[in-house]
Amino acid sequence: MCIRDRPIDVLNGDYLAELTMTILYNQRLKRGEQHGYVGTFLKQFRDIAKSAQEKNIKIVTNAGGLNPSSMAESVKEIIDELNLDLKVAHIEGDDLMPRIDELYQGGENLTNIDKSLDLQKYEKKPITANAYLGAWGIKEALDNGADVVICPRVTDAAVVIGPAAWKYNWSRDQYDELAGALAAGHIIECGAQATGGNYSFFQEVPTFDNIGYPIAEIYEDGSFVITKHENTGGLVSVGTVTAQLLYEIGSPAYLNPDVISHFDTLEITQESKDRVLVTNNRGSSPTKTHKVCINLVGGFRNGVELLLTGLDIEEKSKLIVDQIFKSVGGQDQFDKVDIQLHRTDKENPISNEEAQAFLRIDVMSSNPDLVGRLFNAKIVELALANFPGWTGRSGVVPNGAYIEYWPALVDSKFIKEHIHVDGKIIDVIPTSQLNLEEKYQCKLNIKPISTINLKKVKPEIWNRIRLPMYLFWVRVLTLEGNDPTLSPNDRVVLSASIYFRKRTGILNFNDISELYENDYLLPTNISSISEASKMPRETVRRCSNKLIKMGHFEKKGRQLFRVNYAHKDGEIASFIKNKAVTTRDMMNFYFSIYDDLAQS
């Protein structure tokens with residue numbers, strides 16, 4: 001259906017999750033080094049390969065997983081069997097396992113994003129380490145005539161960004177256009193989740209029969225329409241698209257190795273039935289790091305789930321937990337023990353099922369013997385010698401070896417993609433390593449906001465808009481002269497003052513109102529920053545001195561933040577224009593002085 005019912009340019013598939021990488025690793029262990037990719041794709045490819053060639057539809061997928069070269073060979077075999085003429089390319093460069101020691105020596109600690117632990121110092125060892133590659137390797141493959149592009153671990157949206165960049169021949173720094181493609185890729189990456197599946201307001205969906213999968217119609221400016229095939233189930237609405245847009249994001253600034261897409265600038269409208277238009281896409285320069293999916297040998301696990309029925313549930317739970325761990329030698333011998341009592345029972349049940357709670361016990365250890373058959377045997381021995389009504393559930397608690405997920409970042413200078421096409425290898429480096437001019441983005445609607453009389457805003461409304469307005473003003477710093485209302489001088493000081501106030505809890509209605517009444521303009525000296533931020537003048541001096549001593553700026557940058565602030569009007573603008581101090585330097589300045597600020 002995906003390629004038969006209407007014309008499309010590219011068919012893409014996102015097969016990889018963090019858990020998938022573990023599954024593929026186990027597959028390779030059991031079935032041989034030639035495996036480690038998503039075999040389901042081969043079956044699907046066989047079904048649609050002929051139609052794809054007839055309609056000149058490109059196919060881009062990350063189903064290559066841990067072994068894109070082997071999958072590419074399998075795809076070529078299918079093409080030969082079907083007597084087709086399709087060019088296959090595959091991408092490598094995501095696998096960092098052979099380079100772990102090199103990364104350590106290069107100063108990369110591969111720190112766990114969630115736990116702030118360094119991998120090198122951790123007792124468990126990695127078995128897979130794959131960087132999330134970007135989209136430019138895909139574009140390069142398509143530019144070289146590839147009909148099928150087999151990717152390894154790329155970002156989910158890369159399989160959409162790459163084809164869009166190829167179609168319109170976007171350059172690396174067309175960040176607004178790339179940001180739109182990133183948003184489109186993020187929306188369609190989970191298939192029917194954008195067309196009514198897994199949707200909180202599922203009652204709005206007319207039918208789930210034969211649910212249609214999403215299609216992104218991407219335009220040259222990066223705006224796009226999300227739709228689906230006609231006469232299919234599901235729903236494409238502002239609600240379904242917005243719900244998927246918010247899926248798995250931590251911030252409105254959605255990070256990607258190709259671009260930062262600012263989701264809070266997007267405008268989403270219902271164009272017609274099952275057609276949602278997304279416009280006003282804005283993008284910034286990508287970060288200088290790549291995310292890495294690392295899996296470690298976690299150890300071994302086992303467990304049991306027991307049903308507790310009737311009265312005295314808490315007492316029954318304590319009784320069996322105590323007896324299980326006494327019989328196996330105590331809890332302390334395990335690396336981790338997780339005990340959960342779920343009170344699904346009702347106070348006045350009308351059936352046996354409504355009288356049941358369930359107790360789940362999970363144990364983990366690096367020693368497989370502790371959580372092996374003996375553990376199970378000890379539990380079975382208690383079946384007729386413990387609480388009344390013993391009933392166990394089988395097959396609901398995982399057992400055996402388990403993998404520990406370790407998300408980390410790596411400097412992008414260590415990343416290089418290798419595109420294999422037409423018997424040649426083409427290397428592609430990340431955008432952040434091209435020394436392009438850094439660009440940052442925010443909403444360019446200062447003038448309309450300036451007409452608001454904040455003193456007339458009701459407190460309950462103000463409490464809802466205060467944080468977004470603060471975030472907006474911090475982003476004003478990044479405009480770099482795009483708006484005539486503010487000079488770079490004024491933006492720097494205004495952003496600083498609001499940032500200081502927010503972090504110290506001083507930011508309030510009257511503060512912001514005063515700034516609006518002053519038309520945003522504040523003189524750039526210590527006295528005004530002290531007054532605006534409600535910081536003692538000495539604190540401002542101390543913070544400035546600290547940054548100078550820390551060497552955050554080059555010589556010209558030090559002049560910018562000298563203690564006496566004795567510079568001519570417009571000098572900040574000159575420094576920014578001449579790139580002696582970047583907006584990133586400015587933000588580093590504000591964040592770095594927070595410790596001193598908190599002590600004042």
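Side-chain N or O atoms of Thr242 include none that pairs as donor or acceptor with a backbone N or O of Gly239 at under 3.5 Å. Here the side chain of Asn109 pairs no donor or acceptor atom with the backbone of Thr111 at under 3.5 angstrom. Not one N or O on the side chain of Tyr402 forms a donor-acceptor pair closer than 3.5 Å with the backbone of Phe300. At least one donor-acceptor pair under 3.5 Å links the side chain of Thr195 to the backbone N or O of Gly212. Here the side chain of Glu92 pairs no donor or acceptor atom with the backbone of Cys151 at under 3.5 angstrom. A donor-acceptor distance shorter than 3.5 angstrom exists from the side chain of Gln333 to the backbone of Gly330, with no hydrogens or angles considered. Of the possible donor and acceptor atoms, none in the side chain of Lys346 sits under 3.5 Å from a partner among the backbone N and O of Glu354. Of the possible polar contacts, none joining the Arg31 side chain to the Asn26 backbone as a donor-acceptor pair under 3.5 Å is found. Looking only at distances, no side-chain donor or acceptor of Ser432 sits under 3.5 Å from a matching main-chain atom of Lys288. Side-chain atoms of Thr227 do not come within 3.5 Å of backbone N or O of Arg275 as any donor-acceptor pair.
Using a 4.0 Å cut-off between a side-chain N of Lys or Arg and a carboxylate O of Asp or Glu, Lys76 and Glu73 qualify as a salt bridge. Salt bridge annotation for Lys326-Asp322: absent, with no cationic side-chain nitrogen under 4.0 angstrom from a carboxylate oxygen. We find that Asp274 and Lys228 are joined by a salt bridge, their nearest charged nitrogen and carboxylate oxygen being less than 4.0 Å apart. Taking the charged nitrogens against the carboxylate oxygens, Asp362 and Arg360 do have a contact shorter than 4.0 Å, which makes a salt bridge. For the pair Asp118 and Lys115, the salt-bridge criterion is not met [side-chain N within less than 4.0 Å of a carboxylate O].
Closest non-hydrogen pair, Pro407 versus Asp114, comes out as CG-OD2, 3.6 Å. When all heavy atoms of Leu66 and Arg28 are compared, the closest pair comes out as O-NH1, 3.7 Å. A pairwise comparison of heavy atoms in Gln270 and Val238 identifies OE1-N, 3.1 Å as the closest pair. Minimum heavy-atom separation, Leu11 to Ile57: N-CG2, 3.8 Å. Of all heavy-atom pairs between His262 and Ala253, the closest is ND1-CB, 4.0 Å. Scanning both residues, Ile226 and Ala216, for their nearest heavy atoms gives CD1-CB, 4.0 Å.
Ring pair Tyr254/His186 is tilted by interplanar angle, where 30° to 60° counts as tilted. His420 and His90 have parallel rings, their planes meeting at less than 30° on a 0 to 90° scale where 60° marks the start of perpendicular.
You'll find the side chain of Glu204 reaches within 4.5 Å of the side chain of Leu235, heavy atoms only. Contact annotation: the side chain of Thr155 never approaches that of Leu133 to less than 4.5 Å [non-hydrogen atoms, C-beta and beyond]. Using a 4.5 Å heavy-atom threshold, the side chains of Ile138 and Ile419 count as separate. Put simply, the side chain of Leu308 reaches to within 4.5 Å of the side chain of Ser317, judged on heavy atoms. Counting heavy atoms from C-beta on, the side chains of Asn62 and Pro152 never come closer than 4.5 Å. Two residues are said to be in side-chain contact when any heavy atoms from C-beta on lie closer than 4.5 Å; Val363 and Ser365 fail this criterion. Counting heavy atoms from C-beta outward, Leu359 and Ile339 have side chains that approach closer than 4.5 Å. Residues Trp390 and Leu382 meet the side-chain proximity criterion, which asks for heavy atoms closer than 4.5 Å.
For Arg373, the CZ atom sits in a loose shell: 12 or fewer heavy atoms of surrounding residues, nucleotides or ligands are nearer than 6.0 Å. More than 12 non-hydrogen atoms from other residues, nucleotides or ligands lie less than 6.0 angstrom from CG of Asp80. Shown here is Phe208, whose CZ atom has more than 12 heavy atoms of other residues, nucleotides or ligands within 6.0 Å. Counted within 6.0 Å of CG on Asp332, heavy atoms from surrounding residues, nucleotides or ligands total 12 or fewer; the atom is thus considered open. Residue Glu347 places its CD atom among 12 or fewer non-hydrogen atoms of other residues, nucleotides or ligands, all under 6.0 Å distant.
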For a side-chain hydrogen bond (donor to acceptor under 3.5 Å, both in side chains) check, start with the C-alpha distance between His35 and Glu33, then their side-chain angles and the critical distance, and finish with the verdict. CA-CA 5 Å; His35 293 277; Glu33 287 297 317; over 6 Å; no

Show the numbers, then the answer: is there a side-chain contact (heavy atoms from CB on, under 4.5 Å) between Tyr25 and Lys30? CA-CA 9 Å; Tyr25 172 77; Lys30 294 177 180 178; over 6 Å; no

Does Lys58 form a salt bridge (charged side-chain N to carboxylate O under 4.0 Å, His left out) with Asp147? I'd like the steps, not just the answer. CA-CA 5 Å; Lys58 306 290 186 180; Asp147 300 299; 3.2 Å; yes

Verdict with supporting geometry, Val410 and Thr289, side-chain contact (heavy atoms from CB on, under 4.5 Å): CA-CA 5 Å; Val410 66; Thr289 56; over 6 Å; no

Worked check of side-chain hydrogen bond (donor to acceptor under 3.5 Å, both in side chains) between Tyr213 and Thr232: CA-CA 9 Å; Tyr213 274 62; Thr232 58; over 6 Å; no

Might you work through the side-chain contact (heavy atoms from CB on, under 4.5 Å) test for Thr61 and Val159, ending with a clear yes or no? CA-CA 6 Å; Thr61 179; Val159 295; 5.9 Å; no

Show the numbers, then the answer: is there a side-chain contact (heavy atoms from CB on, under 4.5 Å) between His229 and Ile215? CA-CA 8 Å; His229 291 296; Ile215 298 171; 3.9 Å; yes

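Rounded to the nearest 0.5 Å, atoms CG (Leu409) and NE2 (His290) are 11.0 Å apart. Atom CD1 of residue Ile361 and atom CD1 of residue Ile324 lie 3.5 Å apart, to the nearest 0.5 angstrom. Taken to the nearest 0.5 Å, the NZ atom of Lys139 stands 13.5 Å off from the CD1 atom of Ile161. Taken to the nearest 0.5 Å, the CD1 atom of Ile313 stands 8.5 Å off from the CZ atom of Phe387. Here the CD1 atom belonging to Ile23 is positioned 11.0 Å from the CD1 atom belonging to Ile403, to the nearest 0.5 angstrom. Residue Lys316 holds its NZ atom at 10.0 Å from CG of Leu319, rounded to the nearest 0.5 Å.
Stacking of Arg393 on the aromatic ring of Phe358 is recorded, both the 6.0 Å distance cut-off and the 45° axial limit being met. Geometrically, Lys291 engages Tyr132 in a cation-pi contact defined by less than 6.0 Å to the ring centre and at most 45° from the axis.
A side-chain donor from one of Asn198 and Gln193 sits under 3.5 Å from a side-chain acceptor of the other.
Trp406 pairs with exactly one of Ile294, Asn295, Ile113 by the side-chain contact (heavy atoms from CB on, under 4.5 Å) rule, that one being Ile294.
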